[in-house]
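Throughout, a chain's letter reflects where its sequence line sits, starting with A, and its residues are numbered from 1.
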Amino acid sequence: MFKYEVLHTCKQTGARVGKLTTPHGEIITPVYMPVGTNAGVKGLTPEQVKAAGAQIVLSNTYHLYLRPGSDIVERAGGLHKFMNWNKPILTDSGGFQVFSLSSMRKVTDDGVKFSSYYDGSAHYLTPEAAIKVEEQLGADIIMAFDECTAAGTNYRKSVGAMQRTLSWLERCVKAHTREDQMLFPIVQGNLFEDLRVESVKATAPFARCGMAIGGLSVGEPKEVMYKMLDVIRPYYPQNQPIYLMGVGSPDCIVEGVLRGIDMFDCVLATRMARNGAAFTRRGNITVRNGAYKEDFTPVEEGCDCYCCQNYTRAYVRHMLNVGEIGGGQLLSIHNIRHLTRLTEDIRAAIMEDRFGDFVENFRKGYDWKVKG
RNA sequence: GCCCCUAUAGCUCAGUCGGUAGAGCAUGCGGCUGUUAACCGCAGUGUCAUAGGUUCGAGUCCUAUUGGGGGCG
């Protein structure tokens, strides 16, 4: 039911193009996966997400467990039917929320006690409970329940979180019953090279068709993240897709693929869009800025997305400016398409054994933030 | 005609017992990486309607004028 095959390995860089088969279709990697936390990519319909080139979307166990309740999603016929998305879906386990909503939780070896972010009600999530919720939701790929730590967490706590993640992984594997879902284990270890190596070595044996790298892009400099990827790369399970969780700015995707990553997800594209900024191949532009008031060119020249094909920067800025949701919507379409197009270009370069040149050119032409 | 209210940032308005002014919105800019985020942060600007008066000192008290709003005839 699940299969991953490497279609081509770049002779210049060792980066690869692959095909991951799931019950809801194939995914060509490297892939960028838009995030639809609450069973919907913010601001967009599934049709728009599809049109932007998405092959798979993420959704979130934690959020759907709280609202509307995973039992309701199950009774609705599962997540695919509920959100009208017939392509592959990946659900995050809630491990990241345990981390990002840390002010209202208590972690023990058994599980996590937390209060709901919207009504304060008390809840208790364990690896078994998280897996059960993910089975009710019914995504194609489900994530193990892990403990993520922030950049700057000390060694002792990082060891604890890494070990807890491993013991939780064993419990997740044991609790997982649905054959039509692939469980991805997650590597932790914070920013300590030895812990990362220890974690990847212990985690890889649990990977059947895919493994994830968690706990990166949590506040550390990009160079540190790249270094961590270099350190663990030799220990990846063979012929399985590797998923770098939560990462997805254009530059991080390029650098990630160069370091053996096949799958990315990120809220940045849609969040930055709603906040008025657009990805371009040269870097990010803040479309809401006054400089674009009378700029009647597309957000990105040469982009084939619905936004760039039909609207100008001046119009998008106006929409943002007057508070119309259309502005964030158009930019979300653009930013998602920008990343799917970027991965398409990356794949083409890999297929033609010129990804090294591609990376060089990309780095030369890219700044995080640009004007015009 | 008489009476009352009002005039402070681009807009809407605070401003204590007299001690040379602030919020929100708007504007400008910055940030955003397994979404508690259509969010968060920073910044700028004022002949305090005008002219007098009282006072050491007036956005604040007094007088007049002008603009705006309302009431009674």
Side-chain angles (χ1 to χ4, degrees), chain A residues 32-44 56-64 66-67 90-105 114-120 130 134 139 141-151 165 184 186-188 212-222 225 243-253 255-256 261 263-279 284-293 316-317 319-332 335 339 368-369 371:
Chain A
Y32 162 69
M33 310 181 280
V35 181
T37 303
N38 288 298
V41 176
K42 286 188 196 296
L44 303 183
I56 168 176
V57 296
L58 246 73
S59 200
N60 201 289
T61 298
Y62 171 88
H63 298 262
L64 296 178
L66 289 177
R67 278 191 300 194
L90 181 154
T91 45
D92 192 13
S93 64
F96 184 75
Q97 279 62 46
V98 168
F99 154 70
S100 65
L101 305 176
S102 59
S103 62
M104 28 182 152
R105 51 83 166 162
F114 65 95
S115 51
S116 162
Y117 68 89
Y118 71 89
D119 68 2
E134 292 196 272
I141 299 170
I142 64 175
M143 303 307 300
F145 190 63
D146 64 334
E147 184 182 356
C148 187
T149 49
T165 295
F184 275 35
I186 304 174
V187 174
Q188 288 291 345
I213 316 302
L216 289 177
S217 203
V218 286
E220 79 283 7
K222 287 175 182 176
M225 176 173 85
Y243 164 31
L244 179 56
M245 304 184 76
V247 172
S249 59
D251 55 333
C252 288
I253 288 178
E255 300 293 340
I261 302 299
M263 302 167 70
F264 302 86
D265 82 279
C266 200
V267 303
L268 194 62
T270 45
R271 182 185 292 170
M272 287 209 348
R274 291 191 308 281
N275 294 337
F279 293 146
N284 303 326
I285 61 170
T286 307
V287 182
R288 67 162 188 267
N289 282 3
Y292 306 109
K293 197 177 291 185
V316 174
R317 181 191 121 88
M319 293 295 269
L320 293 164
N321 213 240
V322 295
E324 288 288 343
I325 53 172
Q329 188 176 41
L330 288 170
L331 280 186
S332 292
N335 281 351
L339 295 185
W368 177 255
K369 177 127 192 199
K371 304 273 183 198

*asked:* Quick check on C32(B): is either OP1 or OP2 less than 4.0 Å from any side-chain nitrogen or oxygen of Asn284(A)?
replied: no
*If you look at every strand shown and take non-hydrogen atoms under 4.0 Å, does Gly276(A) touch a base, only sugar-phosphate, or nothing?*
nothing
*Does a side-chain N or O from Gln97(A) land closer than 4.0 Å to OP1 or OP2 of G34(B), or not?*
no
*Think Lys371(A) has a side-chain N or O under 4.0 angstrom from the OP1 or OP2 of G30(B)?*
yes
*asked:* If the cut-off is 4.0 Å, is Asn289(A) near the phosphate of G30(B), judged by side-chain N/O to OP1 or OP2?
replied: yes
_Give me the distance, rounded to whole Å, that separates U54(B) from G71(B) when you measure between the P atoms they each carry._
39 Å
*Look at Thr37(A) and U35(B) and indicate whether a side-chain polar atom (N or O) is within less than 4.0 Å of OP1 or OP2.*
yes
_Let's see if you can work this out: which of U36(B), G34(B), A37(B) has an atom nearest to the side-chain heavy atoms of His63(A)?_
U36(B)
*Which base sits across from G1(B) as a Watson-Crick or G-U pair, both distances under 3.5 Å?*
C72(B)
*Kindly indicate whether the side chain of Arg288(A) and the base of G30(B) share any N or O donor-acceptor pair separated by less than 3.5 Å?*
yes
*asked:* Side-chain N or O of Lys42(A) versus OP1/OP2 of A37(B): is the shortest distance under 4.0 Å?
replied: yes
*asked:* Base, sugar-phosphate or nothing for Arg67(A)? Non-hydrogen atoms, less than 4.0 Å.
replied: nothing
*Hey, does Asp92(A) reach any base, or is it just sugar-phosphate, or nothing, if we go heavy atoms under 4.0 Å?*
base
*Establish, with yes or no, whether the OP1 or OP2 oxygen of G34(B) is under 4.0 angstrom from a side-chain nitrogen or oxygen of Ser100(A).*
no
_If you compare every side-chain N and O of Arg274(A) against the phosphate oxygens of C40(B) (OP1, OP2), does one of them come in below 4.0 Å?_
no
*asked:* What contact category does Ser116(A) fall into here, base, sugar-phosphate, or nothing, at under 4.0 angstrom with non-hydrogen atoms?
replied: nothing
*Does Trp368(A) put a side-chain nitrogen or oxygen below 4.0 Å from OP1 or OP2 of G31(B)?*
no
